[in-house]
Amino acid sequence: MDSASLQHRTIRRFKPVKIDYRALEDAARATSTSEFLQSFTLIRITKPELRAAISKISGSLALRQDNGELFIFVVDTGRDIRLTEPGSNVHTFTNWNAFLAGAFDATLAVQNVLATAERSGMGGVVLGSILNDPQQMIDLLHLPKYTFPLLGLMVGVPETVPDQKPRLPRQLVVGEDSYPTFQADAMADYDQAISDYYTSRGSNARPETFTSLVRRHLGADQKHRDEIGAILKAQGFEMPQELK
Ligand SMILES: Cc1cc2nc3c(=O)[nH]c(=O)nc-3n(C[C@H](O)[C@H](O)[C@H](O)COP(=O)(O)O)c2cc1C
């Protein structure tokens with residue numbers, strides 16, 4: 001098996017080296033896509049002032065430097081809707097299923113770009129933090145109806161390669177034929193592995209376990225994320241009844 005897929009680590013600092021962004025855009029375009037509808041759009045950010053505004057929304061370390069390419073992946077059923085006859089009922093392009101399909105397409109494209117970059121000696125960071133202010137992202141990028149900015153991705157040549165973060169043990173994540181039984185001892189071992197990782201890592205070392213990380217997430221600042229349902233509705237996506 002290709003061992004490159006087991007070598008992943010997020011890269012947040014990049015060398016001042018230009019990369020072949022068109023090859024990465026092509027990798028996004030070539031990704032597997034739900035119903036062959038290709039319900040996503042990719043926007044490469046080139047203007048420094050736009051990048052600065054997105055950096056402010058995201059707050060990510062990776063954006064507080066000039067290096068690396070920044071892409072925004074947008075759920076997009078609007079392009080397909082344009083192709084329908086005027087007056088058509090476009091429910092199948094605006095319902096929850098359509099939004100999910102666009103989210104699948106955009107997310108898989110992100111991962112395909114990242115994996116392609118990693119296979120070529122580059123690295124990157126997925127940026128969910130653009131959702132700290134989705135409405136501002138929509139305004140900044142002039143996103144039309146039936147679109148939604150889902151994820152950012154920074155890609156570049158790594159300045160340094162950090163240690164890999166250990167993942168949950170197989171028996172907690174992988175089931176056979178049914179949901180795996182929770183194993184407290186396996187989780188305790190994993191908490192220890194994460195504690196070892198965080199206390200010994202090169203930068204931002206701190207006491208941390210997986211359990212402490214999960215518990216801290218309960219109090220995470222949601223910024224504008226609780227507005228996502230209302231924003232999706234304003235963008236033309238129908239929300240499940242209970243979320244309206
Ligand atoms: C959907 C998604 C959103 C993410 N958003 C951010 C982000 O906004 N900022 C950031 O620095 N890292 C972000 N990451 C990277 C994760 O923090 C990282 O993958 C995780 O800590 C595991 O580290 P590793 O990728 O080095 O193994 C995101 C990853 C995913 C999959």
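Every number for a ligand or one of its atoms is a count from 1 in the order of the listing.
- With hydrogens and angles left out, the side-chain atoms of E238 and T94 include a donor and acceptor closer than 3.5 Å.
- Pocket lining of ligand 1, defined as residues with a non-hydrogen atom under 4.0 Å away: H8, R9, T10, R12, S60, V125, V126, L127, G128, S129, L151, K165, R167.
- Between E69 and K18, none of the side-chain N atoms (NZ, or NE/NH1/NH2) sits under 4.0 Å from a carboxylate O, so this pair counts as no salt bridge.
- The pair E49-K47 fails the salt-bridge criterion, with no side-chain N (NZ, NE, NH1 or NH2) lying under 4.0 Å from an Asp/Glu carboxylate O.
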Checklist line | Criterion side-chain hydrogen bond (donor to acceptor under 3.5 Å, both in side chains) on T33 and D105, from CA distance to verdict | finding: CA-CA 5 Å; T33 165; D105 284 1; 2.8 Å; yes

Checklist line | Audit row: T41, R79, side-chain hydrogen bond (donor to acceptor under 3.5 Å, both in side chains) steps and yes/no | finding: CA-CA 9 Å; T41 288; R79 189 176 42 233; 2.9 Å; yes

Next item on the list: Let me see the working for Q135 and H224 under side-chain hydrogen bond (donor to acceptor under 3.5 Å, both in side chains), right down to the final yes or no.
Entry: CA-CA 9 Å; Q135 188 57 55; H224 293 270; over 6 Å; no

